[in-house]
Amino acid sequence: MKIATWNINGVKARLDTTLAWLREATPDVACLQEIKSVDEGFPREAFEELGYHVETHGQKGFNGVAILSRTPVSEVLRGLPGDDSDEQARYIEARIEPPNETRDGDARPLRVGCLYLPNGNPLGTEKFPYKLAWMQRLIAHARARLADEERFLLLGDYNVIPQPIDARNPQNWVDDALFQPESRSAFRALLGLGFTEAVRSVNTDKDVYTFWDYQAGAWQKNNGIRIDHVLMSPEATDGFEGAGIDVHVRGWEKPSDHVPVWVRLAA
DNA sequence: ATGTCAGCCGGAGGCTGA
């Protein structure tokens with residue numbers, strides 16, 4: 001099965017683009033970030049017409065995440081545990097039912113965590129400590145999930161450039177929250193819990209990016225960064241069949257500044 | 001590292017967040 005993540009930068013502004021990509025890429029599960037919509041305003045019927053079950057965790061104006069799944073989902077979790085006072089809609093998780101053809105077989109549960117990690121800019125404001133605290137909550141939650149020894153994917157817009165190779169011009173990012181040593185260290189700590197990062201496990205090339213700024217001709221110059229990631233638990237990695245980035249989508253009309261990233265797992 | 005975009009409020013365009 002194919003599971004994808006995409007920061008669409010607004011579901012209303014990006015509805016046609018998102019639907020076109022779903023028709024082309026036909027993921028079984030799609031995790032969306034920055035829907036920028038409340039749950040009641042999410043155009044769920046448009047996705048249901050394509051055969052998806054829809055779960056959202058939205059808020060007004062900013063942030064917001066959603067999971068689309070061809071099969072039913074259960075055990076939906078909205079919000080990252082660990083801070084009841086956090087009002088930003090940045091995490092949704094669900095258990096994905098196996099496809100029909102394996103439902104009577106030995107398919108193990110698949111759980112998917114869809115995240116929109118705080119950007120953290122500008123440095124020197126409360127935004128950066130919020131990012132780091134959020135990452136610590138994510139690490140705590142991921143540790144608990146890994147202890148369940150299930151197939152588990154943690155995917156989304158991490159707003160972290162893991163390594164210098166993940167930016168066309170790393171020197172441009174040294175004063176940015178996405179490339180701070182603390183951000184990179186927390187991402188490494190998350191990986192170190194036992195995850196495999198899907199794209200780098202199959203592609204160690206340079207110039208592998210998932211985001212190009214709208215400004216300054218970043219796309220035309222391929223001045224990109226790699227900040228959207230798919231992390232796989234050991235049990236998910238056992239069935240890992242491949243990963244990719246739908247770079248061409250950045251060249252479409254009315255693009256998001258991010259592009260989809262996907263993995264394929266044995267059903 | 002700015003040649004932009006989305007959404008809010010409110011009814012134009014400035015502000016915020018990215």
Side-chain angles (χ1 to χ4, degrees), chain A residues 5-21 31-44 46 56-66 80 86-91 114-135 138 155-184 187 207 209-229 247 249-261:
Chain A
T5 175
W6 189 13
N7 180 324
I8 58 173
N9 189 18
V11 71
K12 296 179 186 74
R14 211 72 58 215
L15 184 57
D16 290 345
T17 309
T18 306
L19 295 172
W21 170 75
C31 296
L32 306 180
Q33 299 89 37
E34 280 208 271
I35 63 174
K36 296 187 178 180
S37 167
V38 293
D39 295 336
E40 312 81 69
F42 191 87
R44 55 187 307 125
T56 62
H57 180 42
Q59 80 180 79
K60 190 168 171 179
F62 310 104
N63 306 324
V65 286
L80 186 63
D86 184 0
E87 308 210 318
Q88 300 193 29
R90 297 181 172 277
Y91 189 81
C114 168
L115 66 93
Y116 176 45
L117 206 143
N119 177 295
N121 283 305
L123 296 178
T125 69
E126 73 293 340
K127 290 171 187 291
F128 188 55
Y130 173 71
K131 175 184 191 135
L132 297 178
W134 204 94
M135 294 185 85
L138 182 64
L155 66 170
D157 177 359
Y158 278 78
N159 270 316
V160 174
I161 303 167
Q163 301 285 341
I165 193 178
D166 297 311
R168 179 61 172 265
N169 299 119
Q171 68 280 4
N172 287 351
W173 298 88
V174 294
D175 295 322
D176 193 288
L178 278 58
F179 197 53
Q180 287 310 291
E182 297 94 328
S183 309
R184 296 172 57 197
F187 185 75
D207 288 333
Y209 308 127
T210 66
F211 170 93
W212 298 258
D213 201 291
Y214 287 122
Q215 300 184 68
W219 166 244
Q220 288 74 14
K221 292 188 271 193
N222 199 19
N223 181 14
I225 53 175
R226 197 174 71 91
I227 56 175
D228 301 87
H229 308 298
V247 172
V249 171
R250 186 62 176 80
W252 286 0
E253 291 291 312
K254 269 188 75 82
S256 170
D257 40 7
H258 297 250
V259 295
V261 181

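First the proteins, then the strands, lettered A, B, ... as listed; each starts at 1. Owing to the predicted nature of the structure, the values given are computational and were not obtained by experimental measurement.
For A:Ala216, taking side-chain heavy atoms from C-beta onward, the closest of the listed nucleotides B:dT2, B:dG17, B:dG7 is B:dT2. In the set B:dT4, B:dC9, B:dA18, the nucleotide with an atom closest to the side chain of A:Tyr214 is B:dT4. Out of B:dA18, B:dC9, B:dG7, the shortest distance to the side chain of A:Asn119 is found at B:dA18. Here the nucleotide nearest the side chain of A:Ala13, chosen from B:dC8, B:dA18, B:dA6, is B:dA6.
Computed from coordinates, the A:Asp16 CG to B:dA6 P distance equals 13 Å when rounded to whole Å. In this structure, A:Gln59 places its CD atom 11 Å from P of B:dG17, rounding to the nearest Å. Taking atom CG of A:Leu117 as the reference point, atom P of B:dA18 lies 11 Å away to the nearest angstrom. At whole-Å resolution of the value, CD1 in A:Ile35 and P in B:dA18 are 15 Å apart. A:Phe42 places its CZ atom 13 Å from the P atom of B:dG7, with the value rounded to the nearest Å. Between A:Asp228 atom CG and B:dA18 atom P there is a gap of 15 Å when expressed in whole angstrom units. For the pair A:Leu32 CG and B:dA6 C1', the interatomic distance rounds to 16 Å; values are reported in whole Å. The separation between A:Gln215 atom CD and B:dG17 atom P is 16 Å, rounded to whole Å.
Using a distance-only test at 3.5 Å, with no hydrogens or angles considered, a donor-acceptor pair links the side chain of A:Arg14 to the main chain of A:Lys254. A:Lys60 places no side-chain N or O within 3.5 Å of a backbone atom of A:Val38 that could act as its donor or acceptor partner. A side-chain donor-acceptor contact under 3.5 Å links A:Gln59 to the backbone of A:Ala89. The closest donor-acceptor contact from the side chain of A:Tyr209 to the backbone of A:Asn222 lies at 3.5 Å or more, if one exists at all. Panel note: side chain A:Glu34, backbone A:Asn9; no donor-acceptor pair is recorded below 3.5 Å.
Ring planes of A:His229 and A:Tyr158: tilted class, angle from 30 to 60°.
Nearest-nucleotide mapping onto DNA chain B: of A:Ser37 and A:Asp257, the residue sitting toward the 5' end is A:Ser37. When each of A:Ala218 and A:Gly10 is assigned the nucleotide of DNA chain B bearing its nearest heavy atom, the one mapping closer to the 5' terminus is A:Ala218.
Using a 4.0 Å heavy-atom cutoff across all strands shown, A:Tyr116 reaches sugar-phosphate atoms only and no base atom. In this structure, A:Lys254 reaches the sugar-phosphate backbone alone: every heavy-atom distance under 4.0 Å involves primed, P, OP1 or OP2 atoms, never a base. As judged by a 4.0 angstrom heavy-atom cut-off over every strand, A:Asn172 is placed among the base-contacting residues. Residue contacts shown for A:Asp213 include a base, since a base heavy atom lies under 4.0 Å away. Backbone-only engagement by A:Arg90 is indicated by non-hydrogen atom pairs under 4.0 Å involving sugar-phosphate atoms exclusively.
Distance check on atom C1': B:dT16 versus B:dG10 gives 16 Å, rounded to whole Å. Going from the C1' atom of B:dG11 to that of B:dG7 covers 15 Å, rounded to whole Å. Annotation: B:dA18 and B:dA12 have their C1' atoms spaced 23 Å apart (nearest Å).
Neither OP1 nor OP2 of B:dG7 sits under 4.0 Å from any side-chain N or O of A:Arg14. One finds no side-chain N or O of A:Lys221 lying less than 4.0 angstrom from the OP1 or OP2 phosphate oxygen of B:dG3.
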